[in-house]
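Since the model is a prediction, treat every value here as computed from it, not as a measurement.
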Amino acid sequence: MFEIQLLLKKDLRILVNNIKLIIRNPLRLIPYAVMVGYIVFVYSKRTSVKSSEGLQQLQNIGAGELPETNFTMQNVVGAVTILALGFLVFQLYRATKNNVSFFKMADVNLLFTAPVKPQNLLLYYMARSILPALGGSILFVLYGTGQLTDQFQLTLGNSVFIVLGFALFFFMVFPIRFLIYTLHTKYGIMDYIRGGVVGLGVALALMILIPGILADKFWQGMFAWVASPWFDLFPLVGWSRGIVGFASHGNLLLALAYIALYGLAYYTVVKLVIQFSGYYYEDVLEATKTNEDKLEKAKGKQEIGEDTYSLNAKKQLALPDFGVGAKALYWRNYVHSSRQDFHPLFGIYSMGMAVIGIVLAGLSNFDWFSHKVFYFYLLFLLFFYFMAGIGRANIGDLKKPFFILIPASWTSKFWNMIKLDLVQTLLFAGILIVPSVFLAHVSVGLIPLFLAGMVVCYLIGFAINLIPQVSLDEGWDRKLIKPFMIGGIFLFGIIPTIILSVIVFVITSQFVWTLMTAVVGLSFVAAVLLHVTLDVLQRIEFKEV
């Protein structure tokens with residue numbers, strides 16, 4: 001107990017020092033003042049008009065009284081619940097890959113070497129992790145309810161339960177992740193845990209999709225199960241929904257019961273962690289250092305490397321002979337891609353973006369919104385892969401001195417350097433666009449156009465950043481001339497193509513002709529840039545480009 005008091009005193013001293021820093025430099029408060037001003041402004045505008053219709057709808061759902069199905073509120077509640085379920089399953093799966101840390105490197109250096117009992121140290125920091133969850137929930141609730149003050153009559157009590165509902169959900173996820181990794185460390189049962197998490201995800205997906213398929217309208221049936229009142233009994237997600245639902249049903253005993261379930265779950269997790277964690281320092285040290293590196297990279301203090309955002313960094317591969325010459329570049333990228341995601345060709349990142357596109361295409365056909373939303377998502381992906389090409393020129397093989405030593409032609413080396421990227425791009429684009437076109441009942445011509453557009457945008461982004469880096473030797477030349485080179489490419493190549501595409505859309509009102517115009521124009525730009533790239537690529541020397 002005395003150790004807990006010392007840890008609490010340490011954090012209070014840190015808080016006092018931070019307050020003193022703010023007093024010395026009040027400009028630190030400007031972002032917070034802007035945020036508070038925005039929230040006050042939103043509340044002052046929204047509270048002028050009140051409506052009890054939205055409250056009554058939620059009361060019916062929260063109390064389990066459904067004399068007449070309100071599909072609008074069912075869809076809202078169901079969509080939020082599905083997002084929470086997806087977040088929960090994803091976090092549980094992440095726990096099978098790496099540990100979670102409640103510490104920072106400063107805490108590690110100070111406390112892990114101090115005569116403090118490891119169990120007390122873990123218990124204190126695990127309990128303290130509810131503070132950032134509470135802070136984030138308060139900000140989220142203030143912002144979110146500010147948009148809905150004309151729909152809900154929020155009191156202090158309602159707001160407290162809404163904050164607790166969100167905070168307890170995010171708070172409980174991380175102790176559970178720590179417990180999963182702890183059990184693996186002690187018993188080596190990660191394969192069984194991973195299988196259970198995957199099975200849970202598949203079961204939830206089927207329980208969402210099957211009612212949608214059986215219903216008259218898919219979008220009405222898919223939310224019927226997760227939006228039903230009895231789903232409040234589902235661990236974590238349902239409990240939080242039951243606590244947040246106090247704002248509608250007003251049942252204090254029911255909301256306190258869900259909070260008690262959270263308390264019982266937390267007590268159980270803590271007891272299991274303390275029993276099985278042992279000396280957890282080694283695992284926590286690795287996770288803490290990884291988090292610190294990510295934070296420094298986000299602040300720009302460290303250069304972003306190839307292993308950034310890797311989901312499977314420790315994966316061991318048994319591959320055949322890489323071969324000789326430029327082919328080794330392709331296999332090197334294959335190994336790196338295998339560790340960056342769960343499959344070298346189509347991983348979880350690609351799967352997530354593809355699913356979003358397919359869902360948007362399906363919903364656009366069910367009259368949730370027009371096809372323009374789906375078209376906008378396709379344009380966003382074209383821009384995203386353009387930016388991915390720009391980033392690809394900053395890392396990878398060009399940063400390695402062995403690139404110029406490989407006994408192969410420059411064209412062969414360049415092709416093998418980007419071949420895996422092109423395969424991944426085409427595979428992702430095909431999986432997304434083919435079912436989306438038939439779900440949304442749009443022009444089949446979008447399939448080849450989107451496939452070509454993704455590759456073209458990637459190549460333009462890659463070349464537009466590579467050419468100045470290779471052709472300009474001096475650092476000041478890059479800073480002064482590079483903006484003019486890139487500006488010229490945009491001014492005389494990309495922007496005219498975009499303008500012409502907009503004109504075609506205004507005349508025809510057909511997205512397929514607009515995309516065709518953009519792809520044809522950008523293909524000429526990509527051809528010119530690739531020709532220049534192959535010319536300047538031979539100038540790479542023993543230096544970073």
- Report the C-alpha distance between Tyr124 and Asp11 in whole Å, list the side-chain angles of each, state the deciding distance to 0.1 Å, and finish with yes or no for side chain to side chain contact (heavy atoms under 4.5 Å, CB included). CA-CA 11 Å; Tyr124 174 79; Asp11 286 336; 2.4 Å; yes
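Annotation: side chain of Phe174 is not in contact with side chain of Met126 (no heavy-atom distance under 4.5 Å). Put simply, the side chain of Ile460 reaches to within 4.5 Å of the side chain of Phe386, judged on heavy atoms. No side-chain heavy atom of Leu168 sits under 4.5 Å from any side-chain heavy atom of Tyr258. Taking the side chain as every heavy atom from C-beta outward, Leu236 and Ile176 approach each other to under 4.5 Å. Considering only heavy atoms from C-beta on, Leu122 comes within 4.5 Å of Phe178 through its side chain. Contact check for Phe102 versus Leu121: no side-chain heavy atoms found under the 4.5 Å cut-off. Looking at heavy atoms from C-beta onward, Met454 lies in side-chain contact with Phe428 at the 4.5 angstrom threshold. Under the 4.5 Å side-chain criterion, counting only non-hydrogen atoms from C-beta, Leu381 is in contact with Leu432.
The environment of Phe234 atom CZ is dense: over 12 non-hydrogen atoms of other residues, nucleotides or ligands sit within 6.0 angstrom.
Within the structure, every pair that satisfies the salt bridge (Lys or Arg N to Asp or Glu O under 4.0 Å) test and touches residues 233-249, not counting sequence neighbours, is listed here: Asp232-Arg241. Applying the salt bridge (Lys or Arg N to Asp or Glu O under 4.0 Å) definition to pairs two or more places apart or across chains, none involves residues 159-184. Here salt bridge (Lys or Arg N to Asp or Glu O under 4.0 Å) pairs that include residues 187-209, with residues two or more places apart or in two chains, are Asp191-Arg194.
Shown here are the ring pair (Phe, Tyr, Trp, His ring centres under 6.0 Å) partners of Phe103, two or more places apart in sequence or in another chain: Phe112, Tyr125. For the ring pair (Phe, Tyr, Trp, His ring centres under 6.0 Å) test, no residue two or more places apart in sequence or in another chain qualifies with Phe380. Evaluation of the ring pair (Phe, Tyr, Trp, His ring centres under 6.0 Å) rule for Phe450 yields no partner, not counting sequence neighbours.
In this structure, Ser240 contributes its side chain and Val237 its backbone to no donor-acceptor pair below 3.5 Å.
Of the inter-residue distances, the one linking Leu426 atom CG with Ile433 atom CD1 reads 13.0 Å to the nearest 0.5 angstrom. Remark: Arg13 CZ to Leu8 CG distance equals 12.0 Å, nearest 0.5 Å.
The ring pair (Phe, Tyr, Trp, His ring centres under 6.0 Å) test with Tyr262 is passed by exactly one of Trp239, Tyr267, Phe170: Trp239.
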